[in-house]
Engineer: 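Got a structure for you, questions after.
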Amino acid sequence: MSDRVETLEFQAEARQLLQLMVHSIYSNKDVFLRELISNASDALDKVRLESLVDKDLQVDTTDLHIEIEVDKEARTLTVRDNGIGMSRDEVVGLIGTIAKSGTAELLRSLRESKDAAASQELIGQFGVGFYATFMVADRVTLLTRRAGQAGGTRWESTGEGTYSVETVDDAPQGTSVTLHLKPADAEDNLHDYTAEWTIREIVKRYSDFIAWPIRMTVEKPGEDGATTREEQTLNSMKALWARARDEVDEAEYKEFYRHVAHDWADPLETIHMRGEGTFEYEALLFLPSHAPLDLFSPQGRRGVQLYVKRVFIMDDCDALMPNYLRFVKGVVDAHDLSLNISREILQQDRQIRAVRRRLVKKVLATLKDLSAESYRTFWSEFGAVVKEGLLEDPDNTEALLDLVRAASTHDPAELTTLRDYVERMRDGQTEIYYATGENRATIENSPHLEAFRAKGYEVLILTDPVDEVWVERVGAYDGKTLRSVAKGQVDLETDEEREKAAAERQEYADLLTWMSGALADSVKEVRLSTRLTTSPACVVGDAHDMTPTLEKMYRAMGQEVPRVKRILELNPTHPLVTGLRKAHEQGGDGTALTETAELLYGMALLAEGGDLADPARFTRILADRLARNL
Ligand SMILES: Nc1ncnc2c1ncn2[C@@H]1O[C@H](COP(=O)(O)OP(=O)(O)OP(=O)(O)O)[C@@H](O)[C@H]1O
């Protein structure tokens with residue numbers, strides 16, 4: 001029946017990824033088998049779970065397994081499972097499309113990266129799954145039937161732009177994927193995937209821990225010279241997390257990590273623990289060595305799978321790991337839960353909450369004990385996420401503050417801990433100074449830092465968007481207030497300087513009153529500064545005002561926030577400011593004075609990397625002034 005066959009186009013992003021696979025940018029082609037086995041294993045997990053939850057589902061789960069079959073003559077390799085299978089719509093939706101978040105970014109990064117090794121790394125982070133088959137096959141056929149449904153679906157493609165889907169009457173439940181193999185090519189790392197030992201070796205290396213039997217019929221020489229055929233299970237099927245730590249070697253942990261994390265790189269650290277007593281569980285968790293592309297995407301994949309007595313229950317078990325540790329990957333196998341447990345019930349469960357608290361403590365303790373080098377890697381990849389914990393997890397504030405690393409004016413290259421900052425604090429210094437902004441260069445050149453630098457005070461340089469928020473929320477470290485250099489009054493002066501400042505305030509009183517009026521639309525006050533040594537002016541906030549970066553951040557998120565007027569501070573030793581005072585005293589031209597005030601305010605905004613409200617007006621006034629002085 002012709003209406004049963006359809007030729008469809010791959011979605012644009014899928015097509016681009018396939019191109020990469022067909023032209024095989026990834027040198028380790030063997031991994032295609034791991035990907036197929038991994039998908040089959042997930043499909044078996046799902047059918048077992050569905051049959052437990054839905055008693056009416058017509059499905060035989062007595063012999064769930066994966067089968068590998070080769071045909072040397074036809075040069076095909078088939079991976080078959082009797083798992084959940086896919087409906088026709090699912091085949092089109094799941095195989096013809098890439099719904100994964102981060103795909104667009106991945107493709108953009110791949111286009112921009114000229115270096116082959118970097119491309120491999122990127123694609124490895126993303127995990128190409130089923131498409132990896134096109135590295136080794138020039139045609140792939142998939143036959144599948146969803147558990148509980150009558151008809152099946154046959155899908156086929158050469159990986160070049162289109163695929164066909166056909167409804168078929170009879171297909172066994174589950175999925176079989178048949179690869180029409182490209183010729184072996186040792187130079188291109190394309191092995192002969194019809195050779196028994198090759199398959200055996202790949203399965204052992206990548207998929208030994210898979211909890212379902214992976215079977216293959218192998219040939220054995222019989223006694224009389226004839227060959228006999230026999231079915232063998234290729235994997236040991238041992239759930240890694242249930243084994244004692246000293247019975248698992250590094251290579252096994254790494255492979256398991258790749259399976260759960262869909263990451264082709266090695267983990268940074270492995271945490272294998274067991275909870276005993278009233279609520280028993282085993283946990284095998286990993287800290288990745290690099291951030292996934294979707295780390296900051298709300299749809300991003302999160303880390304921990306929940307099993308109950310070896311039965312897979314769910315991916316992304318958010319009840320077990322807080323959002324700020326979403327990069328932690330792994331498995332928790334809880335012994336005393338119902339198989340029908342739902343996400344909502346898990347969130348409420350007292351014991352699960354206790355497990356989560358222990359897991360969090362363990363992860364934080366592991367991070368604290370990482371070697372300096374590993375921690376550096378960790379912090380550069382995940383620091384911005386861990387700092388979210390300072391907003392989300394008040395119970396662990398202290399531990400989290402000890403994990404924080406920040407750039408500082410103390411050292412141009414090395415990050416510092418808060419503890420080390422405190423130890424370096426000067427005599428009489430009671431506060432921890434920090435500056436926030438988009439990048440180090442802008443912050444370092446900002447006028448706000450001048451007096452701190454001149455007087456030798458160390459300032460932390462915070463450039464992650466979350467920094468603005470956590471410093472406010474936490475407020476202090478080790479009893480020392482965290483104080484922004486761009487907010488409130490700064491008091492770094494000696495008594496003598498204080499006296500001088502009081503006299504200056506008298507002198508400048510008229511100018512300040514007049515300027516506060518002239519700039520009333522833009523600022524709430526004009527005052528003299530104690531933080532400037534070289535710049536004529538800067539803008540600062542009141543101690544509890546929202547900063548411009550935060551204002552921008554909220555607006556970008558679509559939130560309406562009131563515009564916060566800031567304070568303009570003048571440097572009473574700068575010739576432009578003293579000159580303005582004199583001109584004002586002598587009752588100079590009102591328009592010219594107002595324009596000078598505007599220029600001062602505009603320069604202060606520019607110096608901190610801010611935006612002018614009316615850049616055209618600023619430029620015109622400036623150009624007029626320069627022209628008059630030529
Ligand atoms: N053997 C199978 N049985 C049932 N569904 C499958 C099977 N193979 C693939 N699928 C479905 O197709 C989807 C896409 O598979 P694919 O391997 O491309 O990506 P993935 O497994 O989701 O992620 P990753 O790329 O990280 O491995 C799967 O999520 C699954 O829903």
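When a ligand or atom number is given, it counts from 1 through the structure's own listing order.
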Engineer: Select the closest option to atom 7 (C) of ligand 1 among Met86, Lys46, His259, Arg34, judged by heavy-atom distance.
Structural biologist: Met86

Engineer: Taking only heavy atoms of Glu35, which atoms of ligand 1 are found under 4.0 Å from at least one of them?
Structural biologist: 27 (O)

Engineer: Kindly identify the option in Leu94, Thr133, Val79 whose heavy atom sits closest to atom 31 (O) of ligand 1.
Structural biologist: Leu94

Engineer: Output yes when Lys29 and Asp185 qualify as a salt bridge under the 4.0 Å nitrogen-oxygen rule, no when they do not.
Structural biologist: no

Engineer: Is it the case that ligand 1 has an N or O less than 3.5 angstrom from some N or O of Gly129?
Structural biologist: yes

Engineer: Quick one: does Phe130 get an N or O within less than 3.5 Å of an N or O on ligand 1?
Structural biologist: yes

Engineer: What atoms of ligand 1 come within less than 4.0 Å of a heavy atom belonging to His262?
Structural biologist: 24 (P), 26 (O), 27 (O)

Engineer: Salt-bridge test for Arg139 and Glu156: reply yes if a basic N is under 4.0 Å from a carboxylate O, no otherwise.
Structural biologist: yes

Engineer: Using a 4.0 Å heavy-atom threshold (strictly under), name the region of Asp81 that reaches ligand 1: side chain, backbone, both or neither.
Structural biologist: side chain

Engineer: Flag Thr175 as yes when one of its N or O atoms lies below 3.5 Å from any N or O atom of ligand 1, and as no otherwise.
Structural biologist: yes

Engineer: May I ask you to say whether Arg258 pairs ionically with Glu255, meaning some side-chain N is under 4.0 Å from a carboxylate O?
Structural biologist: yes

Engineer: What atoms of ligand 1 come closer than 4.0 angstrom to any heavy atom of Ile95?
Structural biologist: 12 (O)

Engineer: Does the ring centre of Phe256 sit less than 6.0 Å away from the ring centre of Tyr253?
Structural biologist: no

Engineer: Which class fits the ring pair Phe130 and Phe134: parallel under 30°, tilted 30 to 60°, perpendicular over 60°?
Structural biologist: perpendicular

Engineer: Using salt bridge (Lys or Arg N to Asp or Glu O under 4.0 Å), reason through Arg205 and Asp30 one step at a time and then give a plain yes or no.
Structural biologist: CA-CA 10 Å; Arg205 180 148 36 102; Asp30 295 353; 3.5 Å; yes

Engineer: Is it the case that ligand 1 has an N or O less than 3.5 angstrom from some N or O of Asp42?
Structural biologist: no

Engineer: Closer than 4.0 angstrom, basic N to acidic O: yes or no for Glu247 and Lys238?
Structural biologist: no

